[in-house]
Undergrad: 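Can you keep this structure in mind? I'll have questions shortly.
In what follows, every chain begins at residue 1, and chains take the letters A, B, ... in the order their sequences are listed. This is a predicted model, so every value here is computed, not measured.
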Amino acid sequence: MPELPEVETTRLGLEPHLAGKTVLNLHLYRRDLRWPVSPELPDAVLDQEFRALKRRGKYLIFEMNRGAMLVHLGMSGSIRLSGCEESLRKHDHWELTLNNGMLLRYNDPRRFGLLFWLTHNWEQHALIRNLGPEPLGLEFTADYLYQSCRGRTQAIKNHIMNSQTVVGVGNIYAAEALFHGGIHPAMPAGKLSIPRAARLVEEVRAVLTRSIEQGGTTLRDYVNGNGQPGYFKQQLWVYGREGQPCKICGNLLKGSRMGQRATVFCAYCQKR
DNA sequence: ACTGGCTCCTGAGGGC
DNA sequence: TGCCCTCAGGAGCCAG
């Protein structure tokens, strides 16, 4: 499932292939993604020239000369670059034809993704405007996190998964960062001390950074045109390991559900 | 202002 | 081998 590292890897992989290209065609195979794709979109992007491929949180923004395509991969989406002779795959929902003959194909089995056309100032769009800081950026500091937690009763895990707190921390990385920070996922956010906020910021950064580094494989895949995004085989310490021994203390990891999400933690290493 | 629950969807995996 | 059930998840939306 694409988390921030996968989205950034996608951006890095695609950007050099888009520079200076124009859109010859956009074909919508189906429009019922999370929100319906506008039937006007193919006309809107026709002949548009790519200016930049940006990212904000898990949103990709394809900037063109008279607007921007806003894309979210949901939880099963991927974009691949393929030659025009390559056949369509199951769950390919739209494809852009570039003026060098290459195709940009969007595949998304669960269709939680989205594709919007924004004519101006995408940063002020409702889906973007209220997003919290980038986890690897300068604004995501211990003091920021600490302040954002003040007075909140919500569990710390849910708080850091809220994109208004910080973007890009999905279920897997939240569980991992809390484990490495020794913080119990159910602890009320308002109880987080300044030192533990500092620790948590560091651990969120560390787990995301490791994943981005492993994203190099995905990047090469794009260049080779085999299009398989490939999920990161990163070392997971708690996620998906309920009932297995903690790699630090050996006690069995506990599982619970928090905010409709599977949560795994070590009741000994992680304190409230 | 916060918070938690619901929702979209398909595929994987377990039980029998 | 096959069917049925449950679960997984990003994040906007809405009710309390």
Undergrad: Can you tell me if A:Q270 uses its side chain to pair, donor with acceptor, with the backbone of A:H184 under 3.5 Å?
TA: no

Undergrad: Please list every donor-acceptor pair under 3.5 Å in which a side-chain atom of residues 41-52 of chain A meets a protein atom from a residue at least two apart or in another chain.
TA:
residue: A:Q48; atom: OE1; partner: A:R66; partner atom: N; Å: 2.9

Undergrad: Between protein and nucleotides 2-7 of chain C, map the contacts as a letter string: B base, S sugar-phosphate only, - none, heavy atoms under 4.0 Å, written 5' to 3'.
TA: ------

Undergrad: Sorted by first residue and then second, give each side chain to side chain donor-acceptor pair (under 3.5 Å) pair with at least one member in residues 104-119 of chain A; sequence neighbours left out.
TA: A:D32-A:R111, A:S76-A:D108, A:S82-A:R105, A:D92-A:N107, A:E95-A:R105, A:Y106-A:D108

Undergrad: Salt bridge or not between A:E202 and A:R199? Use side-chain N to carboxylate O under 4.0 Å.
TA: no

Undergrad: State plainly whether the residues A:E134 and A:R56 are in salt-bridge range, i.e. N to O under 4.0 Å.
TA: yes

Undergrad: Between C1' on C:dA8 and CG on A:L236, what's the gap in Å once rounded to a whole number?
TA: 15 Å

Undergrad: Do the numbers put A:R55 on top of the ring of A:Y59, so that NZ or CZ is under 6.0 Å from the six-membered ring centre and no more than 45° off the axis?
TA: no

Undergrad: Using a strict 4.0 Å threshold on nitrogen-to-oxygen distance, state whether A:K54 and A:E63 make a salt bridge.
TA: yes

Undergrad: Is atom NZ of A:K247 surrounded by more than 12 heavy atoms (other residues, nucleotides or ligands) closer than 6.0 Å?
TA: yes

Undergrad: How close or far is atom P of C:dG9 from atom CG of A:D108, stated in whole angstroms?
TA: 16 Å

Undergrad: Quick one: does A:H91's side chain have a donor or acceptor within less than 3.5 Å of a partner on A:R89's backbone?
TA: no

Undergrad: How about A:Y144: does its OH atom have over 12 heavy atoms from other parts shown lying under 6.0 Å from it?
TA: yes

Undergrad: Using heavy atoms to find the nearest nucleotide of DNA chain B for A:Q154 and A:R111 separately, return the residue whose nucleotide is more 5′.
TA: A:Q154

Undergrad: Please give the angle, rounded to 10 degrees, between the axes at the start and the end of the helix from B:dC2-C:dG16 to B:dC16-C:dG2, where five pairs define each axis.
TA: 50°

Undergrad: Treating primed atoms plus P, OP1 and OP2 as sugar-phosphate and everything else as base, which nucleotides of nucleotides 11-16 of chain C get B, S or - for protein heavy atoms under 4.0 Å?
TA: BB----

Undergrad: Chain A on DNA chain B: first and last contacting nucleotide, 5' to 3', under 4.0 Å to a heavy atom?
TA: B:dC2 to B:dG11

Undergrad: Applying ring-ring contact (aromatic ring centres under 6.0 Å, His included) to A:H180 and A:W237, what does each step give before you reach the verdict?
TA: CA-CA 9 Å; A:H180 289 293; A:W237 292 63; 5.0 Å; yes

Undergrad: Within the structure provided, determine whether A:L60 and A:T10 are in side-chain contact (heavy-atom separation under 4.5 Å).
TA: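 When only atoms from C-beta onward are counted, A:T10 and A:L60 do touch, with a gap below 4.5 Å.
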
Undergrad: Within the supplied structure, the quantity of interest is the number of heavy atoms (other residues, nucleotides, ligands) at a distance under 6.0 Å from A:E85 CD; does it exceed 12?
TA: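 Check passes, neighbour count above 12.
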
